[in-house]
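Here's the structure, in structure tokens; my notes come after.
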Amino acid sequence: MGKTRRNFLAGLARSKGFCVENTLSSNVTHIVAEDNPADELWLWLQKQGIADLDKINVLDISWFTQSMSAGRPIPVEVQHRIEDALEVLAENYELIESVGPCLGFKKAASVLKSLPVPVRSIRDVEGLPCLGPETMAVIEDIFEFGSSSKVEDVLKDERYQTLKIFTSVFGVGPKTAEKWYRQGLRNLTQIVSDSTIHLNNMQKAGFQYYDDISKPVSKAEAEALSRIIVEIAGCVNPEVTVTLTGGFRRGKEFGHDVDFLLHVPGPGKEDGLLPAVIDRLRSQGVLLYLDFQESTFDISKLPSCRFEAMDHFQKCFLILKLKKEQVVGQQVEQRCGKDWKAVRVDLVAPPAECYPFALLGWSGSTVRDERSCIK
DNA sequence: CGGCATACG
DNA sequence: CGTA
DNA sequence: GCCG
């Protein structure tokens, strides 16, 4: 998180009698992360060579705020650890392209996440769906030892670590990552300096804007982008409404991209909207990357199955140049250097009659099962 | 033992 | 093959 | 890996 915010939070915590360290040591028991994913942090911790990794808790900001109001560190449920562990296993299987096991661990993790009551003992998870012998073994280990050796091994695995780095590039999936790994490549510098590797357009953009795109997008940045899209869409057609969807609509403070739903009242009016918006973005010089997808939406063929149809609306995946001065509460101190940030943006333009469903679909969770429940 | 979402570029 |  |  930013230096200013970190100092503020640290001051707050110290005033409540918490002991806040600025550097990592074996005394550290709790690590609060605001925008780094937990598994990324575990990876980093692994490399720091700390003795008792299982004594350390990686927590999000909600733990921090709750602990502040309680005046003491609230106990960390084992549940978080278990969920993290299962997600590490799922990700590992995704990277080595074992679809089945990947799905199995993903489902197990999401079952635990969806529980209304915190898990206190092994008995609380007995009989739950999608928790088979493998998953139960991991859960038991974490209850007993605070960690699972199976998960620790994955985190230490060079292949896992390298594939994770490679697939962190926009446009690079497990197949490409594995290919590079088999060629003996181990980091991103080796990839970009290898003249025999030919990147496609998506990957070129992925490397070109890697630093920016890898950073989380703040709510203030999403709102700045919202103003830009509203402005442009309004020029194309004054009747257009722009809705911020995805994680930010669900109230999240950070995201990895920004999703917008463009809506024009009246049937068929959405035609040509996206291309016109894109043209204006391009002429303003803020369009860094474009992947446009034609709609294949045909309501006559999909009369009742609206959520599946939702995926076929006109949409585009973009990388936009966001000027820092356009972001509220962001002072640009350097007169030299870059005064903008590259951000991943998705635009969707559903036919008018599908707008309510599209809004639901893009605001909800990405997990398919949860969408089906809405249906 | 097969299935695990799906469509687009 | 990679994205959502 | 888990389910049907």
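Order of the sequence lines sets the chain letters (A, B, ...), proteins ahead of strands, with each chain counted from 1. Source: prediction; values computed, not measured. Note: hydrogens, waters and symmetry copies are ignored here, and every other heavy atom, side chains too, is used.
Near DNA chain D, meaning a heavy atom under 4.0 Å away, the residues from residues 94-101 of chain A are Gly100(A), Pro101(A).
In the hydrophobic cluster analysis, where Ile, Leu, Val, Met, Phe, Trp and Tyr join through side-chain heavy atoms closer than 4.5 angstrom, Leu115(A) is grouped together with Leu86(A).
For Phe170(A), the listed nucleotide lying nearest its side chain is dT3(C); candidates were dT3(C), dG1(D), dC3(D). Among dG9(B), dC4(B), dC1(C), the nucleotide with an atom closest to any side-chain atom of Glu294(A) is dG9(B). With distances taken from any side-chain atom of Leu103(A) to the nucleotides dG9(B), dC2(D), dC4(B), the minimum falls on dC4(B). Taking only side-chain atoms of Asp346(A), from C-beta outward, the nucleotide of dG9(B), dA4(C), dC1(C) with the closest atom is dA4(C). The Pro129(A) side chain lies nearest to dC3(D) when the options are dC2(D), dG9(B), dC3(D). Counting only heavy atoms from C-beta on, Phe317(A) has its side chain closest to dA4(C) among dA4(C), dC4(B), dC2(D). Side-chain proximity of Gln293(A) to dT3(C), dC1(C), dG1(D): nearest is dT3(C).
Distance Leu347(A) CG to dA4(C) P: 13 Å, rounded to the nearest Å. We find that CD of Gln314(A) is positioned 10 Å from P of dG9(B), with the value rounded to whole Å. Here the C1' atom of nucleotide dT3(C) and the CG atom of Leu290(A) are 14 Å apart, to the nearest Å. Taking atom CE on Met202(A) and atom C1' on dT3(C), their separation rounds to 6 Å, with Å as the unit. The CH2-C1' distance, from Trp362(A) to dA4(C), rounds to 8 Å in whole Å. Distance Leu318(A) CG to dT3(C) P: 15 Å, rounded to the nearest Å. Atom CG of Leu128(A) is separated from atom P of dG1(D) by 19 Å (rounded to the nearest Å). Protein atom NZ of Lys107(A) is 14 Å distant from nucleotide atom P of dG3(B), rounded to whole Å.
Look at Lys164(A) and Glu94(A) and you find no salt bridge, because none of the NZ, NE, NH1 or NH2 atoms lies under 4.0 Å from a carboxylate O. A salt bridge is defined here as a Lys NZ or Arg NE, NH1 or NH2 lying under 4.0 Å from an Asp or Glu carboxylate O, and Lys150(A) with Asp153(A) fails to meet this definition.
In this structure, His263(A) and Tyr355(A) have parallel ring planes: the angle between them is below the 30° cut-off, well short of the 60° mark. Under the 30°/60° scheme for interplanar angles, the aromatic rings of Tyr93(A) and Phe105(A) are found to lie parallel.
Between the side chains of Tyr289(A) and Gln208(A), not a single donor N or O lies within less than 3.5 Å of an accepting N or O. With hydrogens and angles left out, the side-chain atoms of Ser168(A) and Tyr210(A) include a donor and acceptor closer than 3.5 Å.
Counting non-hydrogen atoms of other residues, nucleotides and ligands closer than 6.0 Å to CD of Glu231(A) gives a total of 12 or fewer.
Arg227(A) places a side-chain N or O within 3.5 Å of a backbone atom of Gln326(A) that can act as its donor or acceptor partner.
Evaluation of the side chain to side chain donor-acceptor pair (under 3.5 Å) test over residues 337-348 of chain A, restricted to residues two or more places apart or in two chains, returns Asp212(A)-Lys338(A), Glu221(A)-Lys341(A), Arg344(A)-Asp346(A).
Listed pair Arg344(A) / dT3(C) fails the phosphate criterion, with no side-chain N or O lying under 4.0 Å from OP1 or OP2.
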Per-residue pairing states of DNA chain B in dot-bracket (Watson-Crick or G-U under 3.5 Å; . unpaired, | other strand) read ||||.||||
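Taking atom C1' on both dT3(C) and dA5(B), the two are 14 Å apart, rounded to the nearest angstrom.
Counting non-hydrogen atoms under 4.0 angstrom, Asp259(A) reaches nothing in the nucleic acid.
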